[in-house]
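All remarks here apply to the structure that follows.
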Amino acid sequence: IDRMSGRRIWELISVLTTIPSSVASFSIAMFLLGSLNIYITIGVVVFSIPQFWVSKKFTKLEYDLESKISPRDRLWSWCKYYLTKNRNFIELKILSISSFLSNKLRSIQNEIILARSELQKKESKYRILAELPLIIYEGVISLWLVFQVVSREITVGSFQFYLRTIKRAQNEVVNFMHSINTVYENYIYVKDFFWFMNLKSEDVTANGKIDVPKDIHIELREVWFKYKKGQKWVLKNINLNIKAGEKIAFVGVNGAGKSTLIKIISGFYKPQKGSVLINN
């Protein structure tokens with residue numbers, strides 16, 4: 001959300017300001033083309049639709065892919081940060097984990113590149129197929145115009161004018177549909193930002209302020225938690241009583257559930273079983 005929101009909001013505003021000019025250019029091209037034959041105008045629009053459909057389809061697929069690989073992308077960023085910051089060099093040396101992190105970095109990078117390249121290959125195939133109807137249609141119309149010249153229905157100058165007008169109309173249709181798709185592309189990213197910004201705390205009082213007591217007593221009663229169905233329990237039957245002002249520490253091996261427990265106490269996660277009580 002943080003990485004995408006600012007750029008996407010700006011791009012959404014920018015493309016919205018260009019749509020009126022795209023509509024005007026599109027209308028002028030359609031009017032000029034309609035003076036030749038209204039059916040040609042309709043055909044240009046109809047045979048441009050496959051390109052718009054492909055763009056919309058792969059915009060959504062790209063969004064889904066970015067959402068899927070974002071956890072791996074964050075892990076890649078963490079590995080890079082840990083390997084390149086001077087203050088981490090001593091720890092890297094002592095623990096001898098430079099090779100492990102480097103291999104992890106390379107593995108994640110290859111995984112992300114492979115996923116994106118597979119989608120790009122698939123998109124390229126679809127785009128070629130989507131452009132074929134319009135290319136074939138343009139060829140048919142060009143042959144028809146040649147026949148019109150041979151039969152002296154139109155002049156050579158008119159032939160060149162109509163051919164340029166058809167090409168311009170095609171470009172304007174494609175550009176207009178591209179603008180619409182760009183609005184859609186930025187919208188699906190921006191809506192995540194607004195969803196996040198509109199989240200409401202369950203503990204906010206009527207006046208909109210969070211009521212935080214000075215002395216907080218925390219109690220966990222038979223708390224169970226796991227991240228996904230089918231996975232093992234991260235926390236099992238946790239009972240804990242922290243009195244107001246008391247200082248405690250959670251100690252355990254990696255993956256024992258220390259961070260998860262803190263996030264449950266903080267309210268970021270909700271346990272599948274049990275209760276978390278703040279001041280009863």
Side-chain angles (χ1 to χ4, degrees), residues 1-19 22 48-85 88 100-131 173-201 225-231 234 254-255 259-260 262-264 266-270:
I1 289 173
D2 178 64
R3 183 163 56 92
M4 288 290 184
S5 59
R7 178 170 66 86
R8 291 293 180 177
I9 291 173
W10 173 250
E11 287 183 2
L12 181 59
I13 295 171
S14 298
V15 74
L16 286 174
T17 60
T18 62
I19 284 182
S22 297
S48 298
I49 290 175
Q51 295 185 51
F52 174 73
W53 179 83
V54 168
S55 295
K56 183 176 181 296
K57 174 184 175 65
F58 280 93
T59 293
K60 185 63 169 62
L61 289 176
E62 182 182 351
Y63 169 80
D64 292 338
L65 177 62
E66 291 300 323
S67 299
K68 181 180 178 181
I69 66 177
S70 60
R72 306 295 291 166
D73 202 18
R74 288 195 295 271
L75 182 56
W76 181 89
S77 297
W78 182 88
C79 290
K80 178 184 175 184
Y81 165 81
Y82 209 79
L83 283 166
T84 56
K85 290 297 179 181
N88 298 328
F100 171 79
L101 291 179
S102 298
N103 292 334
K104 190 72 174 176
L105 189 75
R106 189 178 299 108
S107 173
I108 295 171
Q109 182 171 303
N110 291 337
E111 181 183 335
I112 292 173
I113 290 173
L114 178 62
R116 286 175 175 161
S117 63
E118 288 295 325
L119 182 62
Q120 289 172 356
K121 289 177 184 177
K122 187 177 180 181
E123 182 179 3
S124 298
K125 293 177 183 177
Y126 271 80
R127 286 196 180 278
I128 291 171
L129 293 175
E131 290 173 2
V173 170
V174 171
N175 289 338
F176 177 71
M177 290 184 175
H178 175 71
S179 297
I180 298 299
N181 185 67
T182 304
V183 171
Y184 170 72
E185 177 184 355
N186 288 288
Y187 164 74
I188 61 176
Y189 285 95
V190 170
K191 70 181 177 65
D192 288 340
F193 171 75
F194 285 108
W195 165 82
F196 177 76
M197 295 300 294
N198 289 326
L199 285 176
K200 303 296 183 183
S201 172
F225 179 83
K226 60 182 175 181
Y227 286 97
K228 293 181 180 179
K229 283 186 177 181
Q231 290 186 346
V234 180
N254 289 341
S259 299
T260 302
I262 292 171
K263 289 176 181 178
I264 285 177
S266 303
F268 291 112
Y269 297 154
K270 292 185 180 296

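No hydrogens, no waters, no symmetry mates; every other heavy atom, side chains included, goes into these values. Keep in mind it's a predicted model, so treat the numbers as computed, not measured.
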Roughly how far, to the nearest 0.5 Å, is the CG atom of Leu75 from the CD1 atom of Ile69? 12.5 Å

Note: Pro71 and Ser67 closest approach over all heavy atoms is CD-O, 3.8 Å

Shortest non-hydrogen separation from Leu105 to Cys79 and the atoms involved: CD1-CB, 3.7 Å

Nearest heavy-atom contact between Leu119 and Leu65 is CD2-CD2, 3.8 Å

Distance from Lys104 atom NZ to Ser107 atom OG, nearest 0.5 Å? 6.0 Å

Classify the ring geometry between Tyr227 and Phe225 as parallel (under 30°), tilted (30 to 60°) or perpendicular (over 60°). perpendicular

Does the side-chain contact (heavy atoms from CB on, under 4.5 Å) test come out yes or no for Glu62 and Gln120, once each step is laid out? CA-CA 9 Å; Glu62 182 182 351; Gln120 289 172 356; over 6 Å; no

Minimum heavy-atom separation for Arg127 and Gln51, please, with both atom names. NH1-O, 4.5 Å

All heavy atoms of Tyr81 vs all of Asn88, minimum pair found to be O-ND2, 3.6 Å

Nearest 0.5 Å please: distance from the NZ atom of Lys125 over to the CG atom of Leu129. 10.0 Å

Would you call Leu101 and Trp78 a side-chain contact if the rule is heavy atoms closer than 4.5 Å? yes

For the atom pair CG (Leu83) and CZ (Phe100), what is the distance rounded to the nearest 0.5 Å? 10.5 Å

Nearest 0.5 Å please: distance from the NZ atom of Lys57 over to the NZ atom of Lys122. 5.5 Å

Is any NZ, NE, NH1 or NH2 atom of the basic residue among Asp64 and Lys68 found under 4.0 Å from an Asp or Glu carboxylate oxygen of the other? no

Check the surroundings of atom NZ in Lys191: do more than 12 heavy atoms from other residues, nucleotides or ligands lie under 6.0 Å from it? yes

Side-chain touch Ile128/Glu131, heavy atoms, less than 4.5 angstrom: no

Side chain proximity check, Met177 to Asn181, heavy atoms < 4.5 angstrom: no

Spatial distance of atom CD (Glu123) from atom OH (Tyr126) [nearest 0.5 Å]: 11.5 Å

Heavy-atom side-chain contact between Lys56 and Ile180 under 4.5 Å: no

